[in-house]
Participant: 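Would you mind keeping the following structure in view while I ask a few things?
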There are 2 protein chains.
Amino acid sequence: MAHPAEDVRPPTMADVAREAGVSHQTVSRVLSDHPNVRAATREQVTLAIERLGYRRNSAARALVTRRTRTLGVIAVNTALYGPASTLTGLEEAAREQGYLVSTVSLRTGEGQGLKDAVDHLASWGVEGVVAITPQRSHVQALAELDAPFPVVTVEGGHQLDLPGVSLDQELGARMVTEHLLAAGHETVWHVAGPDDWLESEARTAGWRTVLEENGIRPPRVLTGDWSPLSGYRAGQELAGLALARRGATPVTAVFVANDQMALGVLRALRETGIRTPGQVAVAGFDDIPEAEYFPPPLTTVRQDFAAIGRQSIGLLVNHIEGRARKAEHLLVEPQLIMRASTRPSNES
Amino acid sequence: MAHPAEDVRPPTMADVAREAGVSHQTVSRVLSDHPNVRAATREQVTLAIERLGYRRNSAARALVTRRTRTLGVIAVNTALYGPASTLTGLEEAAREQGYLVSTVSLRTGEGQGLKDAVDHLASWGVEGVVAITPQRSHVQALAELDAPFPVVTVEGGHQLDLPGVSLDQELGARMVTEHLLAAGHETVWHVAGPDDWLESEARTAGWRTVLEENGIRPPRVLTGDWSPLSGYRAGQELAGLALARRGATPVTAVFVANDQMALGVLRALRETGIRTPGQVAVAGFDDIPEAEYFPPPLTTVRQDFAAIGRQSIGLLVNHIEGRARKAEHLLVEPQLIMRASTRPSNES
DNA sequence: CACGCTGTTGTGAGCGCTAACAATCAACCT
DNA sequence: AGGTTGATTGTTAGCGCTCACAACAGCGTG
């Protein structure tokens with residue numbers, strides 16, 4: 001294996017053909033599992049391939065077939081647990097289907113960034129893109145961009161005619177809220193995520209619906225930005241309300257729109273001397289790995305990110321290969337994880 | 001099959017050439033910013049490109065230049081905060097340099113998975129790979145794989161002759177340990193990460209060195225697996241030791257090898273009625289976004305993931321473009337973030 | 001004016017592969 | 001036997017691009 005020159009080119013199909021004593025076309029047939037090749041020939045070729053360490057040149061292949069077998073993923077905020085997990089799911093599913101996946105992470109979706117990302121991917125000839133862009137404005141921008149390939153959204157809502165996959169956020173919120181009401185709470189307060197986010201809207205909607213179904217007038221919604229800090233601030237406000245006790249609606253249960261904010265709420269309550277769940281029950285959303293170790297362990301809603309990834313890729317590939325035409329929208333079921341933070345206790 | 005319009009092929013360089021009234025070669029020159037093109041001609045071509053919505057075919061380009069301008073990333077455990085953040089940094093840096101980045105996430109690095117990942121990327125003709133494989137066995141396996149392209153490791157240590165970038169884990173551990181000793185603690189206990197991990201080893205080494213430098217015999221090391229649960233277990237053991245009080249080495253300060261385990265330790269201490277930092281000070285490593293909202297806010301070590309990503313890509317590109325030959329190893333400086341969990345209090 | 005130079009443009013070949021078609025041969029039928 | 005079939009293999013022509021080189025203009029120089 002002495003490499004005298006660095007420039008030794010990798011073997012080509014012609015090299016293999018020569019080595020096996022057949023034509024390059026036969027080599028091609030073996031590689032693409034064409035049925036009409038004699039077993040003996042096939043073996044010759046396979047052996048030659050192995051001897052030379054041959055590997056098909058994907059660029060040449062792409063050039064002639066006009067298929068790059070490459071998918072793009074555009075994601076915002078990839079360091080967060082949710083997007084990161086979805087990414088993993090996407091990537092695995094795509095690899096199984098024989099696609100290469102290329103990711104573009106945006107810090108936070110400025111409109112220009114999105115366009116650049118699409119451009120970047122387009123210039124590499126991706127055949128389709130999955131966009132994890134959970135803000136309404138992004139989905140809007142994406143729809144208007146009119147990309148030259150199919151686009152599937154994750155958590156992109158279904159108001160526009162882009163196909164997509166989402167967790168049933170509303171159902172998740174309903175489950176939490178119902179769980180809290182069932183535990184005997186008179187009402188449930190809510191710390192929502194930022195306005196523009198579709199997940200945020202759906203969770204708030206689910207919460208509101210359940211309250212209204214039970215004839216309860218929903219209390220004022222507090223709003224955060226998903227960060228622990230914003231949760232902390234909301235928690236301080238809630239703590240104030242809980243202690244004041246003169247308002248018509250007592251604060252004994254809070255549904256926080258994600259686990260990180262819930263962490264902040266818990267801290268604020270603790271600092272104010274309010275016991276959880278004794279005086280105020282708290283629930284979150286996402287089930288991040290830390291949630292089980294929060295003080296106290298957090299009741300939350302788990303998302304099956306792997307399933308979301310698999311379904312998105314499935315949908316995208318269907319579009320690419322022309323098996324789907326319309327803007328289908330799939331929902332994945334969430335799962336309620338009950339932990340100590342909403343456990344009914346002996347205290348009032 | 002009634003898609004008459006679906007089959008319109010994207011415009012080629014020849015189309016642009018015809019539109020602009022020049023040869024395809026001139027178009028190519030404009031596209032690659034060749035200096036010897038008359039300004040007027042250049043404008044003609046640019047206009048034609050715009051009119052037709054032309055885009056260079058990357059496959060054809062790759063075929064003739066033998067450069068795919070694609071990089072691979074192999075990462076284990078991408079849903080964790082650290083790897084996910086590094087990934088973002090890598091991806092941005094690569095895009096800036098005009099490379100496409102394709103990620104392969106492995107659940108947890110079985111040897112076969114690694115080989116498959118390299119194969120997958122190789123079959124797409126990546127020009128180099130960044131591997132975020134922080135376990136010694138992975139790096140070993142990677143070195144033995146002898147990939148047909150340069151490989152740069154992140155947190156891969158420098159004992160093998162693979163170039164790489166790492167945070168100066170040992171320095172980080174030293175900073176924490178010194179900080180705790182300076183606060184007056186007689187000794188510092190340590191909850192380490194799993195054995196095979198290089199980060200784990202380096203953090204333990206840094207801690208041990210500082211103790212020895214100060215003439216303190218390091219207490220027994222507890223070991224976890226990075227998860228909050230394992231930290232919780234270690235915390236229970238430490239709580240037992242702290243309360244027993246008959247051992248020669250008092251438990252008043254603990255350096256936990258990552259924040260998630262520290263969360264578990266904190267919970268165990270709290271449940272046993274031990275106050276933090278009053279009775280036992282606790283420090284972590286990573287500075288995950290939640291750390292600031294732990295009970296109490298956690299002293300920890302912050303890593304500059306963006307810098308790590310940028311440097312890895314820089315190193316890799318240098319190797320690809322032949323500007324670097326030897327297995328250089330870069331270190332990134334950590335930053336100590338001091339919070340309440342190690343704040344000296346009035347109690348002894 | 002012949003010569004070389006530089007700047008600008010065009011021509012032709014070929015990267016490594018697949019798709020379409022042609023060629024060959026054995027087997028089978030009437 | 002002659003023709004038809006089907007399986008197997010080879011031949012040829014590009015895919016869209018870049019590279020090497022040729023061609024030609026305009027210019028200054030001896």
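So you know, we letter chains A, B, ... as the sequences are listed, proteins then strands, and number each from 1. In what follows, every heavy atom counts, from backbone to side chain, and hydrogens, waters and symmetry copies are set aside.
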Participant: Output the rounded distance in Å from CE (B:M13) to P (C:dT11).
Facilitator: 16 Å
Participant: Can you tell me whether the side chain of B:R9 and the base of D:dG16 have a donor-acceptor pair closer than 3.5 Å?
Facilitator: no
Participant: Counting only side-chain N and O atoms of B:T26, is one of them less than 4.0 Å from OP1 or OP2 of C:dG10?
Facilitator: yes
Participant: Knowing that exactly one of A:E144, A:H138, A:R136 qualifies, which makes a side chain to side chain donor-acceptor pair (under 3.5 Å) with A:Q140?
Facilitator: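 Going through A:E144, A:H138, A:R136 one by one, the side chain to side chain donor-acceptor pair (under 3.5 Å) with A:Q140 is satisfied by A:E144 alone.
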Participant: Between A:P11 and B:P35, which residue's closest nucleotide on DNA chain C lies nearer the 5′ terminus?
Facilitator: B:P35
Participant: Heavy atoms from C-beta onward define the side chain here; which of D:dA7, C:dT9, C:dA19 lies closest to that of A:N36?
Facilitator: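 Among the listed nucleotides, the one closest to the side chain of A:N36 is D:dA7.
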Participant: Ignoring the backbone of A:Y54, work out which of D:dT9, D:dC17, C:dC17 is nearest its side chain.
Facilitator: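 That would be C:dC17.
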Participant: For A:S312, run the side-chain contact (heavy atoms from CB on, under 4.5 Å) check against A:L330, A:V332, A:T153, A:V165 and tell me which one passes.
Facilitator: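 Answer after filtering A:L330, A:V332, A:T153, A:V165: A:V165.
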Participant: Taking the side chain of A:T65 as heavy atoms from C-beta outward, which of D:dT9, C:dT11, C:dT18 is closest to it?
Facilitator: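 The listed nucleotide nearest to A:T65's side chain is C:dT18.
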Participant: Go through B:S102 and A:S102 one step at a time and tell me if the side-chain hydrogen bond (donor to acceptor under 3.5 Å, both in side chains) criterion holds.
Facilitator: CA-CA 4 Å; B:S102 177; A:S102 178; 5.8 Å; no
Participant: Looking at B:R66, does any N or O in its side chain come under 4.0 Å of the phosphate oxygens OP1/OP2 on C:dG16?
Facilitator: yes
Participant: If you check the B:T41 side chain, which of D:dG16, C:dT9, C:dG10 turns out closest?
Facilitator: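 The answer is C:dT9, which lies nearest to the side chain.
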Participant: Take the protein atom NE2 of A:H24 and the nucleotide atom P of C:dC17, then report the distance between them rounded to whole Å.
Facilitator: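 It is 10 Å, rounded to the nearest whole Å.
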Participant: Let me spell it out: for each of B:R38 and B:A60, pick the nucleotide of DNA chain C with the closest heavy atom. Which residue's pick is nearer the 5' end?
Facilitator: B:R38
Participant: Where the side chain of B:N57 is defined as all heavy atoms beyond and including C-beta, which of C:dC15, D:dC17, D:dG10 is the nearest nucleotide?
Facilitator: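 Closest nucleotide among those given: D:dC17.
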Participant: Check whether any side-chain heavy atom of A:F149 sits under 4.5 Å from a side-chain heavy atom of A:V118, and report yes or no.
Facilitator: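 A side-chain contact under 4.5 Å exists here.
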Participant: Any idea which of D:dT18, D:dG10, D:dG16 is nearest the A:Q25 side chain?
Facilitator: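 Looking only at heavy atoms from C-beta outward on A:Q25, the closest nucleotide is D:dG10.
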Participant: Counting side-chain heavy atoms from CB outward, which of C:dC15, D:dG10, D:dC17 is closest to A:R29?
Facilitator: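 Ranking C:dC15, D:dG10, D:dC17 by closest atom to the A:R29 side chain puts D:dG10 first.
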